[in-house]
Amino acid sequence: MSIHFQSGGIRLPEFSRGDRKTQVGSTRHFTGGVVCGNGPGVRMGSESHGETNAILLLSTRPATLELVEQVAFEWYDEHGEVHTALLHRCVWFSKQAAL
């Protein structure tokens, strides 16, 4: 996405890559957003102060290759019923990362 009326063009951050949109606002708890990454970056939603801190911490680690929020995955219970759960943060680290 870019702003076309600016000479030279300004790139806006890419949209979130998450499988679920985070809540935009709440009167009862913290919500927010962060832009991370190289160049124009990527928008990341957050539904708690702890999640925001995790985004900021993980995005600055040199070993972090990719950070995605709200990643859906399917799992099966003991009866074989399929369920979907969301991981609030998924992080891919480089092989050289010392965790």
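Everything numeric in this text was worked out from a predicted model, so none of it was measured. Just the heavy atoms: all of them, side chains too, but no hydrogens, waters or symmetry mates, feed the values below.
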How many angstroms lie between atom [atom1] of [X] and atom [atom2] of [Y], to the nearest 0.5 angstrom?
| X | Y | atom1 | atom2 | result |
| --- | --- | --- | --- | --- |
| C36 | M44 | SG | CE | 6.0 Å |
| I55 | T64 | CD1 | OG1 | 12.0 Å |
| W92 | L58 | CH2 | CG | 12.0 Å |

Give me each pair satisfying salt bridge (Lys or Arg N to Asp or Glu O under 4.0 Å) with a member in residues 48-60, each pair once, sequence neighbours excluded.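 Qualifying pairs, neighbours excluded: E51-R89.
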
Pairs flagged by salt bridge (Lys or Arg N to Asp or Glu O under 4.0 Å) wherever residues 64-74 is involved - sequence neighbours left out: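 Applying salt bridge (Lys or Arg N to Asp or Glu O under 4.0 Å) to every pair that reaches into residues 64-74, excluding sequence neighbours, yields R17-E66.
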
Are any non-hydrogen side-chain atoms of [X] and [Y] less than 4.5 angstrom apart?
| X | Y | value |
| --- | --- | --- |
| R43 | E14 | no |
| V42 | P13 | no |
| T52 | V34 | yes |

Give a yes or no on whether the backbone of L56 and the side-chain of T60 come within a donor-acceptor separation of less than 3.5 Å.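 Answer holds: yes.
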
Sequence neighbours left out, what passes side chain to side chain donor-acceptor pair (under 3.5 Å) with [X]? Give chain and number order.
| X | answer |
| --- | --- |
| D77 | H83 |
| S59 | none |
| E47 | R20 |

For T84 and A72, which heavy atoms make the closest approach, and how far apart are they?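 Answer, listing the atom of T84 first, then A72: CG2-CB, 4.0 Å.
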
Taking all heavy atoms of H49 and all of F30, pick out the closest pair and write down the distance.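 H49 and F30 have their closest heavy atoms at N-CD2, 3.3 Å.
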
Can you list, by chain and residue number, the hydrophobic cluster partners of F73 when the side-chain cut-off is 4.5 Å?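 Under the 4.5 Å side-chain rule, F73 groups with W75, L87.
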
Kindly give the cluster partners of V82, where membership spreads through any ILVMFWY side chain lying under 4.5 Å from a current member.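 Taking Ile, Leu, Val, Met, Phe, Trp and Tyr as members, V82 shares its hydrophobic cluster with Y76.
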
Partners of H79 by ring-ring contact (aromatic ring centres under 6.0 Å, His included), sequence neighbours excluded?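 H79 satisfies ring-ring contact (aromatic ring centres under 6.0 Å, His included) with no residue once adjacent residues are dropped.
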
